[in-house]
Trainee: 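Next up is a structure, given as structure tokens.
Atoms within each ligand, like the ligands themselves, are counted from 1 in listed order. Please read all numbers here as calculations on a predicted model, not as lab measurements. Any value given below was found using the heavy atoms of this structure, including those in side chains, with hydrogens, waters and symmetry copies removed.
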Amino acid sequence: MPKAREMLKEASKRTEGHEFYNSLPKGYARGKTKYIVITGSVISGVGKGTFSSCLGNMLKVFGGFNVVPLKFECYVNYDSGTLNPFRHGEVFVLDDGTETDLDLGTYERMLEKNLSRSSFVTMGRVFKTIIDKERAGKYLGRDVEFIPHVTGEIKGFARRLATESKADVVLIEIGGTVGELQNSLYLEAMRELAYEEGRENVCFINVTYVLQPGSLGEQKSKAAQLGIKTLMSVGIQPDIIVCRSENPISEKIKEKISIYSNVPVERTIGFHDTRNIYRFPTFLKESKMDEIVMDILKLRGKTELSEEARKWKELAQRVEKPEREITVGITGKYTTVHDSYISILKALEHTAPHLRARVNVKWIDTTGVDDNNVKEAMKGLDGVIVPGGFGSRGTEGKIACVRYARENDLPYLGLCYGFQMAVIEFARNVCGLDGANSTEIDDKAKHPVICILPEQEEIGGLGGTMRLGGFDMAIKPGTLAHKLYGKAKVRERFRHRYNVSTDCIETLESKGMVFSGMAPGKRIMQVLELPGSRFHVGVQFHPEFTSRPLNPNPLFRGFVEACLKK
Ligand code: GLN
């Protein structure tokens with residue numbers, strides 16, 4: 001049988017009368033980049049993304065490899081921009097402005113790397129690419145089919161990422177679980193990828209779940225076996241099985257899974273619940289995961305322990321041994337879904353090893369909060385955060401929280417919407433601008449202190465249309481922001497439509513509000529602070545998106561530090 005490689009070469013020369021579709025980008029060298037494909041079975045939501053990011057961290061930190069992730073998302077939305085965080089968790093924003101699933105945030109944090117839109121592909125994006133190409137006549141003469149064209153485009157995304165990132169390893173996470181119609185095209189594309197790249201270049205890992213029903217008290221592997229069988233029925237033989245479970249996996253269970261799946265017991269790895277994510281990479285290394293992966297992919301990694309590895313190990317220990325504890329209130333309407341604010345929770349956690357403190361979070365539903373009962377809502381708090389948000393629900397309660405924080409010198413950090421709330425509160429209660437509001441909340445506000453960005457006025461449609469992604473910012477010398485960042489030029493990530501109205505900047509400043517960060521050359525205010533207070537800071541951007549475990553965002557660090565000075 002002719003080699004897949006030769007058949008593809010041939011396909012790139014001819015299109016007519018051929019069943020292959022060439023998805024090799026220009027300059028692509030097969031074997032240069034290895035692929036690890038991670039699928040899930042049994043149930044979703046058991047930490048496939050967490051496992052993948054920890055695997056990436058282990059390969060990077062212990063093995064010294066350039067690891068780049070790629071998430072294949074099942075939904076048909078073009079990106080995550082229009083998703084409701086209450087249903088789907090936080091919308092994460094990349095530096096290039098792509099609105100993604102929260103998993104990309106986990107990857108950026110665990111790999112300490114800025115990712116681009118090439119690392120996030122939805123089924124909607126795959127289809128749009130194909131329709132656009134078809135209309136441009138790129139498939140001229142051919143009927144465009146799921147196989148080979150759709151699967152070809154999917155492989156194309158993976159290979160383009162490999163080429164442009166010069167990755168040693170592309171870590172591909174397939175959304176959903178095997179057996180769903182939604183991800184069947186991705187799975188078929190991955191089967192083809194392994195066939196074309198060669199088995200020594202693609203490693204399949206199935207993350208399954210071992211149930212332990214309370215009524216039985218013992219672990220049961222049947223669901224895992226069936227899940228793996230479903231994967232095998234689409235032509236994918238896993239190389240490694242990762243068994244997620246509540247408690248450590250017994251040898252008996254590993255053996256059972258091994259027999260049913262053709263995966264040796266040594267490659268059936270238990271990965272049970274642990275609270276501390278920073279322990280996982282070391283745990284994977286101790287399970288010899290790195291040796292197994294390198295053996296399958298014929299890779300050779302570093303052997304000596306790097307300084308970076310030492311820092312991650314230290315981080316894992318420090319997170320577990322706090323010396324102090326504080327409680328921070330976070331207001332928000334998605335208070336039932338903790339994933340809606342995952343990056344904020346992580347950014348707070350990142351300060352822990354540096355400040356040796358555990359930050360507990362209390363969620364505050366602001367829909368019923370006002371100036372009369374706000375004291376009750378703020379009880380026991382060492383600081384308060386008003387995070388990003390849209391629409392009018394709960395905003396009066398948020399403004400009451402900001403007022404309480406300002407008047408009682410309780411550390412305050414306003415993130416995006418929280419920045420705008422702080423401007424409204426100050427305008428109303430300090431500058432005497434009664435009825436000050438944002439036009440997002442009240443388009444007939446007497447004092448529209450927050451209004452639509454000029455560049456946004458003409459924009460119609462939703463999805464990818466806000467002021468999005470990383471922008472440079474000028475920090476005013478002599479301010480708290482300058483002290484925290486330690487420099488005059490920083491870059492942060494934005495996702496907004498509204499900003500401080502230029503008409504009211506002077507009034508706000510005359511009463512003591514300091515705008516310490518601005519868009520260079522523009523009158524877009526991006527950081528506010530109140531000198532003389534312990535910490536009263538609002539930022540028009542999302543510092544939580546750039547915070548990293550070994551490198552906490554300076555604003556979160558400053559905020560937690562202020563909360564600690566009780
Ligand atoms: N709704 C506000 C705006 O569009 C704030 C956005 C946010 O908090 N991300 O400007």
Trainee: List every atom of ligand 1 that sits less than 4.0 Å from any heavy atom of Gly388, numbering the atoms from 1 in the order shown and giving each element.
Mentor: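 So the answer, numbered in order with elements, is 8 (O).
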Trainee: Please give me the minimum heavy-atom distance between Ile326 and Cys563, naming the atom from each residue.
Mentor: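 Between these two residues, the closest heavy atoms are CD1-CB, 3.7 Å.
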Trainee: Please check if the number of heavy atoms outside Lys133 that lie under 6.0 Å from its NZ is greater than 12.
Mentor: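 More than 12 heavy atoms, drawn from other residues, nucleotides or ligands, come within 6.0 Å of this atom.
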Trainee: When you compare ligand 1 with Tyr417, is there at least one nitrogen or oxygen pair between them that comes in under 3.5 angstrom?
Mentor: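 Yes: some nitrogen or oxygen of Tyr417 is under 3.5 Å from one in ligand 1.
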Trainee: Any side-chain donor paired with an acceptor under 3.5 Å for Asn360 and Glu325?
Mentor: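 The answer is yes; a qualifying pair exists.
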Trainee: Compare Ser438, Gly418, Gly389 and give the one whose heavy atom is closest to atom 5 (C) of ligand 1.
Mentor: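 Checking each option, the heavy atom nearest atom 5 (C) of ligand 1 is found in Gly389.
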Trainee: So does Glu561 pair up with Lys565, basic N to acidic O under 4.0 Å?
Mentor: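 Answer for the salt bridge query: no.
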Trainee: Can a salt bridge be assigned to the pair Arg117 and Asp79 using a cut-off of 4.0 Å between side-chain N and carboxylate O?
Mentor: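 No, no charged N to carboxylate O under 4.0 Å.
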Trainee: Please could you name the atoms of ligand 1 that His542 approaches to less than 4.0 Å, counting only its heavy atoms?
Mentor: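 So the atoms of ligand 1 that pass are 9 (N).
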Trainee: For atom 7 (C) of ligand 1, what's the nearest protein heavy-atom neighbour? Residue, atom name and distance, please.
Mentor: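 Sorting protein heavy atoms by distance from atom 7 (C) of ligand 1 puts Cys416 SG, 3.0 Å first.
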Trainee: Where is the nearest protein heavy atom to atom 2 (C) of ligand 1: which residue, which atom, and how far?
Mentor: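 Going by distance alone, atom 2 (C) of ligand 1 is nearest to Glu440 OE1, 3.2 Å.
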Trainee: Starting from atom 3 (C) of ligand 1, which protein heavy atom do you reach first, and at what distance in Å?
Mentor: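 For atom 3 (C) of ligand 1, the nearest protein heavy atom is Arg497 N, 3.5 Å.
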Trainee: Specify the protein heavy atom at minimum distance from atom 10 (O) of ligand 1: its residue, its atom name, and the distance to 0.1 Å.
Mentor: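 Its nearest protein heavy-atom neighbour is Tyr498 N, 2.9 Å.
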Trainee: Can you see whether Tyr107 engages Glu173 through a side-chain donor-acceptor pair at a distance of less than 3.5 angstrom?
Mentor: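 Per modelled atom types, Tyr107 and Glu173 side chains form a pair under 3.5 Å.
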Trainee: Judged by non-hydrogen atoms, does Gln420 sit under 4.0 Å from ligand 1?
Mentor: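 A heavy atom of Gln420 does come that close to ligand 1.
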Trainee: Number the atoms of ligand 1 from 1 as they appear, then name those within less than 4.0 Å of a heavy atom of Arg495, with their elements.
Mentor: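 Per the distance check, 6 (C), 7 (C), 9 (N).
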Trainee: Is the charged tip of Arg467 near the ring of Phe494: under 6.0 Å from the six-membered ring centre and within 45° of its axis?
Mentor: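 Judged by the rule (NZ or CZ under 6.0 Å from the ring centre, within 45° of its axis), Arg467 counts as positioned above Phe494.
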Trainee: Classify the contact between Met466 and ligand 1 as side chain, backbone, both or neither, using a heavy-atom distance cut-off of under 4.0 Å.
Mentor: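 No part of Met466 comes within reach of ligand 1.
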Trainee: A quick test of your reading: do over 12 heavy atoms of other residues, nucleotides or ligands sit less than 6.0 Å from NZ of Lys362?
Mentor: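 Yes.
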